[in-house]
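Side chains are part of it too, since the values below use all heavy atoms of this structure and drop only hydrogens, waters and symmetry mates. As the structure is a computational prediction, the values presented were derived from the model and not from experiment. Letters go in sequence order (proteins before strands), and every chain restarts at 1.
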Amino acid sequence: MARTSRHEKKKTFSNIGETTPVPEHPSLEEVYEETPFSEAFWTYLNYVMLNIFGWFRDLLRNARIENRKGSAENNPTGFVPLYQSYESFYTRNVYQRISDCFNRPIGSVPGGKLDVLERVTDDYNWSFQFTGNKITSINLGSYNYLGFANNSGHIAENVINTIKTGGIATASTTQEFGTLMQHRKLESLLAEFLGTEDAIAFGMGFATNALNIPSLVGKGCLILSDELNHTSLVLGSRLSGATIKVYKHNDMIHLEKLLRDAIVSGQPRTHRPWRKILMIVEGVYSMEGSLCKLPELIELKKKYKAYLYLDEAHSIGAMGSRGRGVVDYWKCDFKDVDVLMGTFTKSFAAAGGYIAGNKDLINHIRTTSHGTAYATSMSPPVVEQITSVLHLLLDDNEEHEGHRRISQLAWNTRYFRQRLTKMGFIVYGHPHSPVVPALLYSPSKIAAFNREMLKRGVAVVTVGFPATPLVLGRVRFCLSASHTKEMLDEVLKHAEEVGDLLNMRKSKLNPKRPFHQTEF
Amino acid sequence: MTRGDIESLATDFYDLLESFKHAPVYHLSFEIFLVLAVSWLVFFRKPRPIEKKLTEKEKQELIDEWQPEPLVPSVDPNHPALNVRVLDGIVGKTVEIDGRTSLNFATFNFLNFVGKQRIADKAIQAVQKYGVGSCGPRGFYGTIDIHLELEERLARFFNCEEGIIYSYGFSTIASIIPAYSKRNDILFVDEGVHYAIQKGVEASRSHVKWFRHNDIADLERLLAEQEILDKKNPKKARSIRRFLIIEGLYVNYGDICPLQRMVELKYKYKYRIFLDESVSFGTIGQTGRGVTEYYNIDRQKIDLISSTLEYAVGSIGGFAVGSSFVVDHQRLSAQGYCFSASLPPLLAAAAIEALNIMEEDNTTLFETIMDKSKRLHKKILSIKGYIVNGDEISPLKHLRLTNALNTIGRLEEIVQFAQTRDITITVARYLSDEHRLPEPSIRLILNVEMNDEELEFLCTVLQEALVKVTT
């Protein structure tokens with residue numbers, strides 16, 4: 001829920017609780033403005049109305065006064081119903097009304113601009129038809145942080161050559177005959193990029209977490225996981241069989257307390273000492289836009305002899321002066337993080353995930369991971385895309401493309417965030433994170449903002465419950481290095497218009513100002 | 001109670017009071033003191049605590065003393081996973097290893113679509129239109145029109161209402177099962193299913209009842225037991241869903257499931273069938289449509305058919321087809337679909353072209369592969385000393401040595417020897433925590449474009465290897 005920007009100093013056991021300042025980023029704080037009372041009130045009222053109408057419509061449907069839309073089960077009698085009727089209450093009555101805002105099909109490269117395929121519905125979102133038109137819009141929805149989603153250029157040429165010489169797939173698992181020279185080359189480049197001893201790559205980011213956490217921890221181990229961790233981390237933790245404790249988001253004091261209590265009291269009931277303690281955090285949290293407090297985590301890790309698992313899905317390539325993720329951003333040592341995990345879907349515009357660390361760790365994963373034993377290895381053209389991007393990013397020359405894109409993204413982030421905040425929007429997250437959530441609160445605004453922006457030629461992602469807390473629906477802008485200043489200005493102007501239409505610009509910390517009066 | 005009893009009680013009480021009046025003071029005070037002491041002991045004394053609270057100093061000592069295990073145990077450097085062969089070039093009908101070309105009987109390339117020119121061309125076109133990655137999950141601008149086309153084509157191929165694609169073969173069935181089956185539900189699962197299904201079953205947290213591999217009698221026994229439990233508590237039984245999870249052609253065994261009987265039992269015991277056709281898609285049936293075609297069973301009776309695009313189709317990813325009612329649920333509840341980026345467009349384009357080839361060809365490819373599988377089966381049976389597991393029409397066979405000779409060491413020797421003669425085969429690799437670890441075996445996979453000579457050569461090499469290993 002919303003927090004105030006200053007909390008009382010709680011008793012701490014060490015120097016934890018203040019974000020460790022780093023020379024080039026003095027006193028940068030994440031500000032989470034409190035929810036205005038009026039917004040909370042109207043949002044709850046909104047949900048109550050939706051529920052009332054939902055019950056009423058369900059009544060009509062059950063009494064057959066209204067036609068039951070959507071597909072029905074065609075199984076003969078005697079079978080237990082496949083879905084619980086309550087589970088689908090939310091889907092039928094709330095989600096279905098705004099479902100045209102999600103799953104929008106596109107027909108082009110998901111670059112700085114994209115073509116959204118126009119859909120119309122004549123039965124209130126139960127079914128869609130394509131009109132055949134394409135709406136070219138500025139793309140603030142895709143995870144294309146460094147702008148490498150391209151269908152031309154020398155990287156695309158490399159990929160096309162690989163399709164000709166390497167095939168599309170290997171149809172074999174990594175432990176059998178699926179390892180190609182390209183995979184080994186990718187892994188060694190990745191290890192060089194991250195400054196670790198070795199790395200291993202998999203074909204899917206979600207599966208990298210879900211299939212590898214079980215090889216690291218098992219019964220008798222403790223996992224300390226952040227409140228807002230991604231589903232893949234939660235699934236991996238559950239499959240491993242370890243005990244899971246959740247600490248409040250980015251709250252290092254709570255984490256330290258949990259660590260101390262865990263080591264002192266041991267496993268539940270038997271009180272045996274824990275075999276291992278693993279702290280799982282993400283670099284950048286995709287719904288809040290916040291950064292993990294890495295220096296403090298490393299301090300805690302060293303003090304209590306725990307292990308640290310860092311999921312850099314959204315931060316690899318996007319954070320840090322050399323694009324090497326949050327470890328680079330906070331200027332920490334790569335060797336201090338035990339397990340570095342990341343994905344290739346976001347900044348590298350490919351698909352897949354990796355784990356990097358020291359040689360023993362990677363060897364262990366090679367032998368015991370579910371991914372290497374049973375899943376087919378990565379597709380060669382996708383590997384080529386990642387390798388080409390890595391070559392560009394390894395090049396430290398400031399004139400060259402890799403560094404240029406990293407700087408462009410950093411500039412875009414600061415520019416967009418500052419102007420958006422000064423215009424009066426309530427924005428969450430760290431000032432340097434390329435994920436920018438602006439609060440909308442109510443479900444009807446979620447739908448309205450999305451549709452209005454698309455009419456004006458901007459494609460955005462709006463999310464509500466259950467991905468976010470009930471009252472805190474938001475729009476999440478994902479910035480990219482392929483956005484120019486002109487594109488961002490256009491987006492800001494449209495956001496100003498729509499923000500006024502929906503009465504969104506209610507920040508008390510930054511009272512609302514028109515676009516042309518905000519400077520950077 | 002009679003009047004006389006009441007009277008005697010009253011007199012006793014009167015006598016007691018009189019005695020109090022006449023007792024000496026010290027006696028009375030002593031008695032009162034005893035009564036008070038006993039009541040204090042019984043009611044007011046606090047029980048001694050079982051554990052004393054730890055002091056800060058003791059806690060700090062515990063924290064300082066605690067030593068965790070190393071994050072990972074040490075690994076044997078001779079483990080086969082650390083010494084894999086690294087290949088170069090296209091892994092098709094032949095592979096390049098150490099500069100030599102050898103025949104490939106090890107990868108799941110049943111229809112030899114890996115490296116096909118037509119498919120490569122379509123993939124190149126897709127890169128030129130869409131780039132490589134889709135940069136988002138299906139819900140947030142990651143749905144590309146080519147995904148919708150592939151889903152529609154798959155549904156049409158299987159003559160079902162709707163299809164859904166996933167970006168990774170392993171995650172497909174592992175995400176599908178937990179989307180439908182929750183904590184209170186019951187899963188009847190064949191013991192021989194592959195690892196991804198086992199993980200899906202684990203993630204669902206449902207009650208699992210394993211039945212012996214392909215043993216219908218064992219399944220019927222479990223179903224009958226469950227029916228008895230249901231009769232005892234009919235109200236609870238009405239809220240428990242039941243599912244049967246089986247594979248069309250088992251990857252770990254090579255044999256086909258007895259689907260007809262299972263469909264009959266479905267209507268008797270009221271469970272739903274999830275059929276995983278990873279291996280049987282594109283290899284079994286006259287037009288490659290799997291075991292439902294082979295047995296001529298109406299596909300509407302199977303609730304969900306899931307498969308992979310990584311074996312016969314030669315691309316990456318997985319899919320599921322079924323009625324709209326069943327499949328649509330996954331779009332919001334399957335974790336591997338909602339929370340993961342979508343399939344790169346070039347891989348979807350490759351899959352569509354592969355489907356085109358399968359549909360144009362209609363029957364030739366599939367008749368050929370079934371025919372060659374039968375021939376290979378006969379040939380290997382004629383080599384004394386090998387046990388072949390798997391149906392004769394199955395293109396995937398497990399080769400084992402007889403009885404006590406069947407160890408991983410000997411099988412690896414056979415594989416190494418075969419490699420020196422330019423035949424690539426592989427020992428099937430499993431993790432140690434499989435539900436029922438199969439016996440060590442060589443997994444032999446037939447490529448449809450192998451000709452008779454090459455099959456003969458394979459058998460010759462196998463025979464020589466056997467001689468070398470058993471002497």
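The choice from A:Gly167, A:Ala375, A:Ala207, A:Gly166 that makes the most heavy-atom pairs within less than 4.5 Å of chain B is A:Gly166. Taking chain A as the reference chain and counting heavy-atom pairs below 4.5 Å, the highest number among B:Arg85, B:Lys116, B:Arg205, B:Lys301 is found for B:Arg205. Your options are A:Asn363, A:Val382, A:Leu216, and the one with the most heavy-atom pairs under 4.5 Å with chain B is A:Asn363. By number of non-hydrogen pairs under 4.5 angstrom with chain A, the leading residue of B:Tyr430, B:Tyr311, B:Phe110 is B:Tyr430.
Under a 3.5 Å cut-off, the side chain of B:Tyr141 and the backbone N or O of A:Val460 do form a donor-acceptor pair. B:Lys59 places no side-chain N or O within 3.5 Å of a backbone atom of A:Arg260 that could act as its donor or acceptor partner.
Interatomic distance, A:Ser172 OG to B:Phe108 CZ, rounded to the nearest 0.5 Å: 7.0 Å. Distance check: B:Leu148 CG to A:Leu117 CG gives 8.0 Å after rounding to the nearest 0.5 Å. Distance check, rounded to the nearest 0.5 Å: OG of B:Ser134 to CG of A:Asn144 gives 11.0 Å. Here A:His370 contributes atom NE2 and B:Tyr195 contributes atom OH; the two are 3.5 Å apart, rounded to the nearest 0.5 Å. Atom CG of residue B:Asp88 and atom OG1 of residue A:Thr179 lie 12.5 Å apart, to the nearest 0.5 angstrom. B:Glu69 contributes atom CD, which lies 6.5 Å from atom SG of A:Cys221 (distance to the nearest 0.5 angstrom).
Between B:Val84 and A:Arg184, the closest side-chain pair of non-hydrogen atoms falls below 4.5 Å. Counting heavy atoms from C-beta outward, A:Val80 and B:Ser239 have side chains that stay 4.5 Å or more apart. Under the 4.5 Å side-chain criterion, counting only non-hydrogen atoms from C-beta, B:Pro68 is not in contact with A:Arg275. Under the 4.5 Å side-chain criterion, counting only non-hydrogen atoms from C-beta, A:Phe177 is not in contact with B:Val95. Side chains of B:Tyr168 and A:Phe206 form no contact here, defined as non-hydrogen atoms less than 4.5 Å apart. Between B:Val86 and A:Leu180 there is no side-chain heavy-atom pair separated by less than 4.5 Å. Counting heavy atoms from C-beta on, the side chains of B:Ser171 and A:Met204 come closer than 4.5 Å. Inter-residue side-chain proximity for A:Asn151 and B:Val127 is flagged as unmet; no heavy-atom pair is nearer than 4.5 Å.
Considering every non-hydrogen atom in both B:Ile63 and A:Ile263, the closest pair reads CA-CG2, 3.9 Å. Here the closest heavy-atom approach between residue B:Arg429 and residue A:Glu176 is recorded as N-OE2, 3.3 Å. Residues B:Ser315 and A:Ala169 come closest through the heavy atom pair O-CB, 3.6 Å. Between B:Leu71 and A:Tyr307, the closest heavy-atom pair is N-OH, 3.3 Å. Annotation for A:Ala373 and B:Leu431: closest pair CB-CG, 3.9 Å, computed over non-hydrogen atoms. Across all their heavy atoms, B:Gly136 and A:Tyr143 have their closest contact at CA-CD1, 3.9 Å.
A salt bridge is defined here as a Lys NZ or Arg NE, NH1 or NH2 lying under 4.0 Å from an Asp or Glu carboxylate O, and A:Arg238 with B:Glu202 fails to meet this definition.
For a residue to count as touching a neighbouring chain, one of its non-hydrogen atoms must lie under 4.5 Å from one of that chain's; by this rule A:Val159 touches chain B with the side chain only. With a 4.5 Å cut-off on non-hydrogen atoms, A:Ser379 touches chain B through its backbone and its side chain both. Proximity to chain A is absent for every atom of B:Asn104, based on heavy atoms less than 4.5 angstrom apart. Neither the backbone nor the side chain of A:Leu259 comes within less than 4.5 Å of any heavy atom in chain B. Contacts between A:Ser369 and chain B at a heavy-atom distance below 4.5 Å involve the backbone alone (N, CA, C, O). When heavy atoms are compared at a cutoff of 4.5 Å, A:Tyr95 approaches chain B solely by way of its side chain, counted from C-beta outward. Contact of A:Ser377 with chain B is made through the backbone alone, with heavy-atom distances under 4.5 Å.
Residues A:Tyr374 and B:Glu434 bring a donor and an acceptor atom of their side chains to less than 3.5 Å of each other. For the 3.5 Å distance criterion, the side chains of A:Thr376 and B:Glu310 qualify, holding a donor opposite an acceptor.
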task: Could you please spell out the steps behind the side chain to side chain contact (heavy atoms under 4.5 Å, CB included) verdict for A:Ile168 and B:Val114?
output: CA-CA 7 Å; A:Ile168 300 202; B:Val114 175; over 6 Å; no
query: Stepwise, does the side chain to side chain contact (heavy atoms under 4.5 Å, CB included) test hold for B:Asp64 with A:Tyr304?
result: CA-CA 8 Å; B:Asp64 292 334; A:Tyr304 294 100; over 6 Å; no
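B:Ser278 is linked by a side chain to side chain donor-acceptor pair (under 3.5 Å) to B:Asp276, counting only residues two or more places apart in sequence or in another chain.
B:Phe339 and A:His230 have perpendicular rings, their planes meeting at more than 60° on a 0 to 90° scale where under 30° would count as parallel.
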